[in-house]
Amino acid sequence: MSRNMKRTIGIVGGGAAGMTAAIAAASRGAEVILFEGNDRLGKKILATGNGKCNLGNMDLGIEKYNTENPELLQGYLERFGTNETIAFFRKLGLLIKQKNGYLYPVSEQASSVLDVLRFEIARLKEITVKTGCKIEKIEKDTKRNVFKIWNGNEAYSFDRVILTCGGKAAPKTGSDGSGYRMAKMLGHSVLPVVPALVQLKCREDWMKSVAGVRADAEIMLLKNGRVVTSERGELQITDYGISGIPTFQLSRKVGYILKEQNEVEICIDFLPDFVKDGFADKLSGARLPLMACKTVEEYFTGMLNKKLMLLFIKLAGLKPTEPAGCADIKKIKRVYELCRKLTVHIYADNSFDNAQVSAGGVPLCEITRQLESKMVPGAYFAGELLDVDGRCGGYNLQWAWCSGYLAGTYATDGEMEDATFKSGEN
């Protein structure tokens, strides 16, 4: 393309990836129209990191993500990683700080991240923002080699398009899954989509009695009685099931299993720092003679949260007021076992309404190293619409910045200057 001709780019979706793509493209001289279904840009950003916006992580690696094509994802992250994210936002004027490797704006307000993006978009005259646009259709006119994006009966023509519509998580923020429909219009397939980083619902009717309890625990996903994978962190018990970081980390795997069967077993260890072998025998053998004059409730006081211990006493068939010295030793050991192996049965996740991200989407094998469609050249993808979802810790926003920036760059001139942001302050 001649340098005195400006490439026109239509971007569908004004979230984290869409705004980044618009800035990258306009900074290289493209004329951009950014379409957003909401009345303002970046609504979902305001809810990230509990309103603090964990925008990245110093510990970035392919193992922090789930995708069917890790090698391709690795290439994207190598071109736009954590250092590039820091430099990108510092160039926009955002002050960034670290907390144990987690990146936050110094203000600890997600609105600060959204503001610097909005201010840059307003500053760049090459970007036109159209909010309140529910894009219904996208197609390529192969004769004229242009794309048409339809907003109702109004059509817009572009040299290139970038789909950054998001997935299905948090639909109230605009992620309603419409991007998958548009991807299919362009000939792409969509891998099964499930909620990720979401709470899980349990069948147990005693959950309400321990609702609100938080505890450091290891939770293990079981399949045919064997541990498939596990996570550790602060577990939160709700009146309907389990929540907290370790639950979120396992939720995508649970979601896919629930597509095939009615329930999933999870085993919880509330004392993960203690040696497992002989735990009940050792503690009961050493502790019971010293506490024989106490009640069962007194005997177990201080081990775990009081609500949990009273629940385990009940589940073991004991009464809190009976003398510990007279209690059935098998039931005493059963209480210890419940502290280490409490099995709960998951029958559902907490739906896309409560999910932070969605797993699945357009497979990476259908796009190029430049995030361009293999089916329809000139169409690019970025963000949650693709089959990439990360763990908690800023990894999903990192993917949004990374894929948005690369897609905006390649859609404009097909080239990427590796040192674009590495010369900035680190």
Side-chain angles (χ1 to χ4, degrees), residues 7-26 30 32-38 41-44 67 69 72-73 76 127-131 133-141 146-151 155-169 171 173-191 193 357-358 360-389 396 399-412:
R7 178 160 285 165
T8 58
I9 298 177
I11 301 176
V12 184
M19 287 188 286
T20 307
I23 291 170
V32 177
I33 296 183
L34 179 58
F35 298 94
E36 168 57 37
N38 290 316
L41 299 174
K43 189 174 181 180
K44 194 172 181 179
T67 181
N69 300 87
L72 198 53
L73 175 59
Y76 301 138
I127 301 177
T128 299
V129 176
K130 291 187 176 292
T131 56
C133 292
K134 295 291 186 181
I135 302 303
E136 301 289 336
K137 184 179 179 182
I138 181 171
E139 61 183 3
K140 186 172 184 179
D141 183 339
V146 297
F147 289 87
K148 286 187 178 181
I149 292 177
W150 296 83
N151 177 34
Y156 298 82
S157 294
F158 300 97
D159 299 316
R160 301 283 186 270
V161 294
I162 307 175
L163 295 185
T164 59
C165 322
K168 295 181 70 174
T173 65
S175 300
D176 58 3
S178 60
Y180 302 129
R181 178 171 50 81
M182 282 185 272
K184 289 179 179 179
M185 288 180 186
L186 295 174
H188 285 271
S189 61
V190 176
L191 297 174
V193 179
V357 296
S358 48
V362 177
L364 295 187
C365 64
E366 294 182 2
I367 65 171
T368 69
R369 182 178 177 274
Q370 291 76 32
L371 290 159
E372 185 177 14
S373 168
K374 291 181 179 179
M375 284 70 170
V376 184
Y380 294 76
F381 293 86
E384 194 178 335
L385 185 59
L386 291 163
D387 172 40
V388 177
D389 62 283
N396 289 293
W399 170 238
W401 317 132
C402 166
S403 59
Y405 184 83
L406 294 178
T409 298
Y410 289 126
T412 304

Margin query: Could you measure the distance from the OG1 atom of Thr67 to the CG atom of Asp389? Nearest 0.5 Å is fine.
Written below: 8.0 Å
Next item on the list: Check whether any side-chain N or O of Arg7 sits under 3.5 Å from a backbone N or O of Thr412 as a donor-acceptor pair, and report yes or no.
Entry: yes
Margin query: Using every non-hydrogen atom in the two residues, find where Ala16 and Thr20 come nearest and quote the distance to one decimal.
Written below: O-OG1, 2.8 Å
Next item on the list: Measure the shortest side-chain to side-chain distance between Lys148 and Ser157 over non-hydrogen atoms and say whether it is less than 4.5 angstrom.
Entry: yes
Checklist line | Residues forming a side chain to side chain donor-acceptor pair (under 3.5 Å) with Tyr156, sequence neighbours excluded | finding: Glu154
Notebook entry, point to check: Looking only at atom types and distance, does a side-chain atom of Trp399 sit under 3.5 Å from a main-chain N or O of Gly383, one as donor and one as acceptor?
Noted result: yes
Note to self: Give me each pair satisfying salt bridge (Lys or Arg N to Asp or Glu O under 4.0 Å) with a member in residues 374-388, each pair once, sequence neighbours excluded.
What the structure shows: Lys44-Glu384
Margin query: Among residues at least two apart in sequence or on other chains, which ones pass ring pair (Phe, Tyr, Trp, His ring centres under 6.0 Å) with Phe381?
Written below: His188
Checklist line | Partner residues of Phe147 under the ring pair (Phe, Tyr, Trp, His ring centres under 6.0 Å) criterion, sequence neighbours left out | finding: none
Next item on the list: Determine, stepwise, if the pair Leu385 / Thr164 fulfils side-chain contact (heavy atoms from CB on, under 4.5 Å).
Entry: CA-CA 7 Å; Leu385 185 59; Thr164 59; over 6 Å; no
Next item on the list: Would you name the heavy atoms of Tyr180 and Gly361 that are closest together and state the gap between them?
Entry: CE2-CA, 3.7 Å
Item checked: Nearest heavy atoms of Ala25 and Val32, plus distance in Å -> CB-CG2, 3.8 Å
Notebook entry, point to check: Taking only residues two or more places apart in sequence, or in another chain, which ones meet Lys184 in a salt bridge (Lys or Arg N to Asp or Glu O under 4.0 Å)?
Noted result: none
Check: By side chain to side chain donor-acceptor pair (under 3.5 Å), which residues pair with Lys140, not counting sequence neighbours?
Finding: Asn145
Notebook entry, point to check: Distance from Ile367 atom CD1 to Tyr76 atom OH, nearest 0.5 Å?
Noted result: 3.5 Å
Next item on the list: Sequence neighbours left out, what passes side-chain contact (heavy atoms from CB on, under 4.5 Å) with Cys165? Give chain and number order.
Entry: Val12, Leu163, Met182
Notebook entry, point to check: Do Thr173 side-chain atoms and Lys43 backbone N/O form a donor-acceptor pair below 3.5 Å?
Noted result: no
Note to self: According to salt bridge (Lys or Arg N to Asp or Glu O under 4.0 Å), who are the partners of Glu136, at least two apart in sequence or on a separate chain?
What the structure shows: none
Next item on the list: Identify the heavy atoms of Ala30 and Ile9 that sit nearest to each other, and give their distance.
Entry: CB-CD1, 3.8 Å
Check: Which atoms form the tightest heavy-atom contact between Gly14 and Leu34, and what is the distance?
Finding: CA-CD1, 4.0 Å
Item checked: Student check: side-chain heavy atoms of Thr8 and Phe158 closer than 4.5 Å -> yes
Next item on the list: List for me each residue that meets side-chain contact (heavy atoms from CB on, under 4.5 Å) alongside Ala407, sequence neighbours excluded, and say none if there are none.
Entry: Ile162, Leu371, Tyr380, Ala382
Check: Hey, what do you get for CE (Met185) to NZ (Lys137), rounding to the nearest 0.5 Å?
Finding: 7.5 Å
Margin query: Please enumerate all residues that pass side chain to side chain donor-acceptor pair (under 3.5 Å) together with Asn38, with sequence neighbours excluded.
Written below: Glu36
Check: Got a second to check how far Asn151's CG is from Lys130's NZ, nearest 0.5 Å?
Finding: 8.5 Å
Note to self: Please give me the minimum heavy-atom distance between Phe35 and Ile33, naming the atom from each residue.
What the structure shows: CZ-CG2, 3.5 Å
Checklist line | Residues forming a side chain to side chain donor-acceptor pair (under 3.5 Å) with Thr128, sequence neighbours excluded | finding: none
Checklist line | Partner of Asn69 under side-chain contact (heavy atoms from CB on, under 4.5 Å), chosen from Leu364, Val388, Leu386 | finding: Leu364
